[in-house]
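One structure is given here, and the rest of the page talks about it.
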Amino acid sequence: MNITALVVAAGRGTRAGDGIPKQYRALYGAPVLRHTLRALLANGDITAVVTVIHPDDLSLYQNAAAPLGDPRLQAPVMGGNSRSQSVANGLAACDGDVVLIHDGARPLLPPDALTRLVARMQTAKAAFLAVPVNDALWHGNGDQADRAQSRENLWRAQTPQAFDLNLIRAAHANSPEPMADDVAVARAAGIAVEIVMGDENNLKITRAADFALAEKIMGQNMDVRTGNGFDVHKFGPGDQVTLNGVSIPHSHGLVGHSDADVGMHAITDAIFGALAEGDIGQWFPPSDPQWKGAASDIFLRKAIERAGARGFTITHLDCTLVCEHPKIGPHAAAMRAALAEITGLDPDRISVKATTSEQLGFTGRGEGIAALATATLVKI
Ligand code: MG
């Protein structure tokens, strides 16, 4: 069984308040959509993930998805004028036997619920996650209670909703709009749809208040880690130094096997430290000639990739450069921007600062530059 996940993320999310669409707003330092995609990618049975986005949101999508670095992420598909049209556009780009249609704004999909749904599709043509209605239900007349509604056999639909790909494609092609969801589209086409127990934590972010609730749920299983990194490179011949990805003219260069970006090396080691996965020298041995003169973003990207593969989100970086010269202050904003570009973090979650060592020691004598870094990683 070949399974593609189709994530619908083309909506504008107006009920969640002003600002960028809700699926791109931050939950614990990462866009909602990144959490959603990660939850799907955590299931090894899913072979591809296609996301339907609004044409205005391409850079927001890249920012959300690229740090995951997962080859199963396919190029995004542009949405249509309605959710239904967006799903139809996405289905056209899907491959395989089964498609899991999922809301981009459901970032908390529990692995167990997803596993139950996938298992059911071994035999079902269509199935979806749902939870029983537990509250008493009332018809209202304005603000007056009118009559009670039995909750027997009532379910609240969640996503993913899973379908035989060919069947749901045909159902959408013949679907009269509008439909409540894709189960409704399937039922209208006469497809039998099975109910699989969902999870109350599989929250759909709809209102502004849902962000706080989502963070509370996520916090229940949170794994927060910090790592530190330290690095030194000495001055040698040259006319510029590269610090945190920014080239700065100077009377000397820094000596090293790579581009000697001491700041980025310390940050990379801080991330490896938080993961307890060794250090930069183990991942990129100085004895290996292929790293000679390498731009250090290769090292940082590897550490980010490892964090993503382990399910961690980098939420904060702090780097201190220790030197008398060059002056760091005028370049700190450019360094934060360069690090933001590589990591996908907001610049306000990246700190670059500097100190001298009061002319003491090797940094004080101008023999080299030292860097310290702290990285904070969160796994939800
Ligand atoms: Mg180094």
Side-chain angles (χ1 to χ4, degrees), residues 1-10 33 35-52 65 68 70-77 83-133 153-175 179-204 311:
M1 189 168 69
N2 205 323
I3 304 173
T4 298
L6 175 58
V7 178
V8 187
L33 182 63
H35 295 293
T36 305
L37 296 173
R38 184 183 288 126
L40 292 165
L41 292 165
N43 187 300
D45 291 327
I46 293 175
T47 51
V49 177
V50 174
T51 306
V52 185
L68 294 169
D70 195 303
R72 291 173 292 167
L73 289 168
Q74 309 295 302
V77 172
R83 184 187 185 281
S84 175
Q85 186 58 52
S86 293
V87 171
N89 291 0
L91 288 172
C94 287
D95 248 337
D97 315 305
V98 166
V99 61
L100 305 179
I101 303 175
H102 188 48
D103 295 325
R106 281 192 203 269
L108 308 183
L109 173 61
D112 294 354
L114 179 55
T115 301
R116 282 195 293 277
L117 181 67
V118 168
R120 185 68 69 89
M121 289 304 290
Q122 296 286 349
T123 52
K125 291 293 185 195
F128 70 115
L129 295 179
V131 290
V133 173
N153 291 325
L154 286 185
W155 295 81
R156 289 189 291 122
Q158 302 185 331
T159 69
Q161 301 185 340
F163 305 94
D164 175 284
L165 178 58
N166 290 327
L167 287 179
I168 195 67
R169 264 194 197 138
H172 263 277
N174 297 312
S175 167
M179 291 283 186
D181 62 3
D182 299 293
V183 170
V185 173
R187 291 298 302 135
I191 300 168
V193 184
E194 300 187 13
I195 298 173
V196 174
M197 185 58 73
D199 193 305
E200 291 289 349
N201 282 348
N202 188 14
L203 174 74
K204 181 176 184 181

### Where I195 and A130 come nearest, the two heavy atoms and their spacing
CG2-CB, 4.0 Å
### Query
Do you know which two heavy atoms are closest between A39 and L114, and how far apart they sit?
O-CD2, 3.8 Å
### Query
What pairs meet the salt bridge (Lys or Arg N to Asp or Glu O under 4.0 Å) rule with one or both residues in residues 187-199, with sequence neighbours excluded?
R120-E194
Residues 89-101 side chain polar contacts: donor-acceptor under 3.5 Å, at least two apart:
from	atom 1	to	atom 2	distance (Å)
N89	OD1	Q85	NE2	2.9
N89	ND2	M78	O	3.0
D97	OD2	N2	N	2.6

### Query
Donor-acceptor pair, D181 side chain versus A184 backbone, under 3.5 Å?
yes
### Query
Is V87 close to H172 at the side-chain level, that is, under 4.5 Å between some pair of heavy atoms?
yes
#### Entry: Candidate list T36, T159, T51, test side-chain hydrogen bond (donor to acceptor under 3.5 Å, both in side chains), partner H102, passing option
T159
### Summary
Those residues at least two apart in sequence (or on a different chain) that pass side chain to side chain donor-acceptor pair (under 3.5 Å) with E200 are R156
### Task
Would you give the length of the straight line joining atom CG of D45 to atom CD1 of I3, rounded to the nearest 0.5 angstrom?
5.0 Å
### Steps toward side-chain contact (heavy atoms from CB on, under 4.5 Å) verdict (Q158, L109)
CA-CA 10 Å; Q158 302 185 331; L109 173 61; over 6 Å; no
### Query
Which atoms form the tightest heavy-atom contact between V49 and I46, and what is the distance?
CG2-CG2, 4.0 Å
### Task
Side-chain contact test, heavy atoms from C-beta onward, threshold under 4.5 Å: evaluate it for I191 versus F163 and give yes or no.
no
### Message
What I'd like to find out is whether the side chain of N43 reaches to under 4.5 Å of the side chain of P111, using heavy atoms alone.
### Response
no
#### Entry: Verdict with supporting geometry, V8 and R83, side-chain contact (heavy atoms from CB on, under 4.5 Å)
CA-CA 8 Å; V8 187; R83 184 187 185 281; 4.1 Å; yes
### Message
Run the salt bridge (Lys or Arg N to Asp or Glu O under 4.0 Å) test against D70 and tell me which residues pass, sequence neighbours left out.
### Response
R72
### Query
Is the shortest heavy-atom distance from the side chain of W155 to the side chain of V133 under 4.5 Å?
no
### Task
Could you pull out all residues at least two apart from R38 that satisfy salt bridge (Lys or Arg N to Asp or Glu O under 4.0 Å)?
none
### Task
Kindly give the heavy-atom pair with the smallest separation between L40 and A5, and that separation in Å.
CD1-CB, 4.0 Å
### Task
For A186 and I168, work out which heavy atoms get closest and say how close.
CB-CD1, 4.1 Å
### Closest non-hydrogen atom pair between Q161 and A157, with its separation
NE2-CB, 4.0 Å
#### Entry: Note, T4 side chain near L165 side chain (heavy atom, < 4.5 Å)
no
### Query
If you look only at pairs with a residue in residues 106-117, which of them pass as a salt bridge (Lys or Arg N to Asp or Glu O under 4.0 Å), with sequence neighbours excluded?
D103-R106
### Task
Report yes if some heavy atom in the side chain of L6 is under 4.5 Å from a heavy atom in the side chain of V52; otherwise report no.
yes
